[in-house]
There are 2 protein chains.
Amino acid sequence: MVDIATRVHNHNWKIDPIVRSLIDTDFYKLLMCQSIFRNKPDTNVTFSLINRSKSIRLADLIDEGELREQLDHVRSLSLSRGESTWLRGNTFYGKRQMFRPDFMEWFEALRLPPYHLEKHDGQYELTFEGKWPEVMLWEIPALAVLMELRSRAVLKGMGKFELQILYARAMSRLWEKIERLRHIDGLRIADFGTRRRHSFLWQDWCVQAMQEGLGDKFTGTSNCRIAMKRDIEAIGTNAHELPMVYSALTNTDAELAQAPYQVLADWHEEHDGNLRVILPDTYGTEGFLRNAPDWLSKWTGIRIDSGDPATGAETAIRWWKSRGEDPTKKLVIFSDGLDVDKIAELHARFAGRVKVSFGWGTLLTNDFTGLAEDRLAPFSLVCKAVSANGRPTVKLSDNPNKAMGPADEIARYKRVFGVGEQAALAVTV
Amino acid sequence: MVDIATRVHNHNWKIDPIVRSLIDTDFYKLLMCQSIFRNKPDTNVTFSLINRSKSIRLADLIDEGELREQLDHVRSLSLSRGESTWLRGNTFYGKRQMFRPDFMEWFEALRLPPYHLEKHDGQYELTFEGKWPEVMLWEIPALAVLMELRSRAVLKGMGKFELQILYARAMSRLWEKIERLRHIDGLRIADFGTRRRHSFLWQDWCVQAMQEGLGDKFTGTSNCRIAMKRDIEAIGTNAHELPMVYSALTNTDAELAQAPYQVLADWHEEHDGNLRVILPDTYGTEGFLRNAPDWLSKWTGIRIDSGDPATGAETAIRWWKSRGEDPTKKLVIFSDGLDVDKIAELHARFAGRVKVSFGWGTLLTNDFTGLAEDRLAPFSLVCKAVSANGRPTVKLSDNPNKAMGPADEIARYKRVFGVGEQAALAVTV
């Protein structure tokens, strides 16, 4: 029998909100937010959406009215009581009360600040300005909204059977990947795919498929909402925005050279164990490790997020050995552009030499490549801090194609951090 | 598990069409259409929507764009192959091939003609002009669209539980009516509620509830689409538009006085048995029967559609007796503003004296009175022929509140048909 009430209700949707919770975001954003809330609460920053895949003309695909409705809906969100209870009481990385009461009180009162949206040359210019701890929480919902509106724009023209087959194929594809991963002994892999997901429901499905298919090899998800909903681990540490903003705030080259270490010194005070993971590539991994203070070599691990991942891991291993550390006790987290072949290859090469772990993003939660005439293929969208207290931020990374910032500042940062020739790698996701 | 494809598909609805089939209409419209197609194919008529319930400001409630989308969708419909096969091959009133091949060929090629829509003083002025057999098929879909858009406008603001309770209550209410009807021995009742239904799905539910609850006492539905879908009898004979248009086409008072009988003479040629049912009230039942030719008294029955129904039935019984007919062999169909009390009362009074039958309309398929703060209560919307070949039509009926046409023409018709004093009855549905 047709359930008339349900059908009427479904028909009445004015908007189908993409982001329905302030914790539908990455766990590391909340960790960093608390750190910023304590150490740099009054820094003014601008975050900006950057579509590195210029051929995807988002402003042509996505209706501006719909985009505004979705962003306005995000601004209407606040932490629910259950979410607050979960953040306050749940164990993260083995620790209770990860989030301090003063931070939680602030977070409970938070609504996201206004956005600025313009169209330019087939792209949206979407920026957020304000206090760092508030503005930085826009990153993930903004990306998730844009990604899913693009998915919806493509799905809109498809028939019922086309849709059924589309998802059947995408599900089969992921399941085949999971079946290959299942055979890798000692694998440890987490979902890092919130920001580039095809849709919320799809990410949630992927996480559940990983749970069933990989069992203990699946270590958790970066998505707090899904971690809470599915009662699994929330995963994440810190990201480039910390050294980028800290660096932009410095006044001299000498201060600049120290800024990335100052970030980790602040982190060191707050966190221990598996949360002490270095992200070394913001201004070049080689130089960062060469000039790192000794206490950093005691940290638990390193996350490799750009450049050739095997080269990055070998560099880390050499560095640990040079500082008298045992690499087999250290954690290496690969998180850049991974798919099954690369995961298998890196695991084969490094398992036993270090503790290996993977943060699987875009190609877990958005591998629709080749489906729907390739109009759903993932693309490279980011939302980054572009200035802090009026000064531009700079990122170099281990891949010059991922560099950002004004040319003169890039040159200065390269000089200060002693970055030499870098191998350019294509950025697809 | 969430069925992502279904959810995406449901979300993609651009329009949720109210009328999805050209045979989502009343059976008598098709019978009359075939008759008109044969006898008056080139008559130009104008049909017009008339909301007798002025307090329901339809143009304030219903978005014009949505209304146009729905009406445009109706214009895109054509007879499907299965529908054509059913009309050509099904048994109606015990007869095969009720619809002639020439009519079916015409019907298969038919698309409904354009509509004219304007807003005036909180109401829609919706008119249809063109050849009678085409324009007349707009009546039921136009009413169904307006009725359901009004329902949707009210339902739009309601929550999921409110909706669930609303339908639970409406279902319970109808079921209680059915339980009362079930106890009436020898009851024969059909669904006549297409034009005033709350929604298509709701009418379909009501029909199924009647099937299960009343068994053989439920004789069928006026709705062809539902009759086909649920494999039950399609019910209906003829309506006021035939005498109204035939009368408007006459040139003299003498011709006018004969027009209603000419309608039935044409009908007599085409139909026999239970399809020979007189609708006597267009210009007053008393005068119509008094002046009726003798062959009409041989017809199977009379439909009572205005005025006090018991009075109408007593008049018919007296008339049959005066013509030497046995009323116990005759059929009386009550179809005006019925609900359970009235049905029970009329059945008790006339069962045994005549064959009694009921066509239950608005209060079967739209009794939401008092629910949703009474904002879904049924109201009196009709779509009538207002002119034929440029001349205004007139209807008097047995209730002066249902009369329509220019005042001078009403006066003339009253004189020609010898209509005296009439009792005014409130028109609620």
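All chains are named by letter (A, B, ...) in the order of the sequence lines, taking the proteins before the strands, and each is independently numbered beginning at 1.
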Kindly provide each donor-acceptor pair between chain B and chain A shorter than 3.5 Å, listing atom names and distance.
{"from": "B:Arg7", "atom 1": "NH1", "to": "A:Asp16", "atom 2": "OD2", "distance (Å)": "3.4"}
{"from": "B:Arg7", "atom 1": "NH2", "to": "A:Asp16", "atom 2": "OD1", "distance (Å)": "3.0"}
{"from": "B:Arg7", "atom 1": "NH2", "to": "A:Asp16", "atom 2": "OD2", "distance (Å)": "3.4"}
{"from": "B:His11", "atom 1": "ND1", "to": "A:Asp16", "atom 2": "OD2", "distance (Å)": "3.3"}
{"from": "B:Asn12", "atom 1": "ND2", "to": "A:Leu155", "atom 2": "O", "distance (Å)": "2.9"}
{"from": "B:Asp16", "atom 1": "OD1", "to": "A:Arg7", "atom 2": "NH2", "distance (Å)": "3.0"}
{"from": "B:Asp16", "atom 1": "OD2", "to": "A:Arg7", "atom 2": "NH1", "distance (Å)": "3.4"}
{"from": "B:Asp16", "atom 1": "OD2", "to": "A:Arg7", "atom 2": "NH2", "distance (Å)": "3.4"}
{"from": "B:Asp16", "atom 1": "OD2", "to": "A:His11", "atom 2": "ND1", "distance (Å)": "3.3"}
{"from": "B:Leu155", "atom 1": "O", "to": "A:Asn12", "atom 2": "ND2", "distance (Å)": "2.9"}

Heavy-atom pair of closest approach, residues A:Leu201 and B:Ile4: O-CD1, 3.9 Å

Who among A:Leu163, A:Ile165, A:Leu166 has the most heavy-atom pairs with chain B under 4.5 Å? A:Leu163

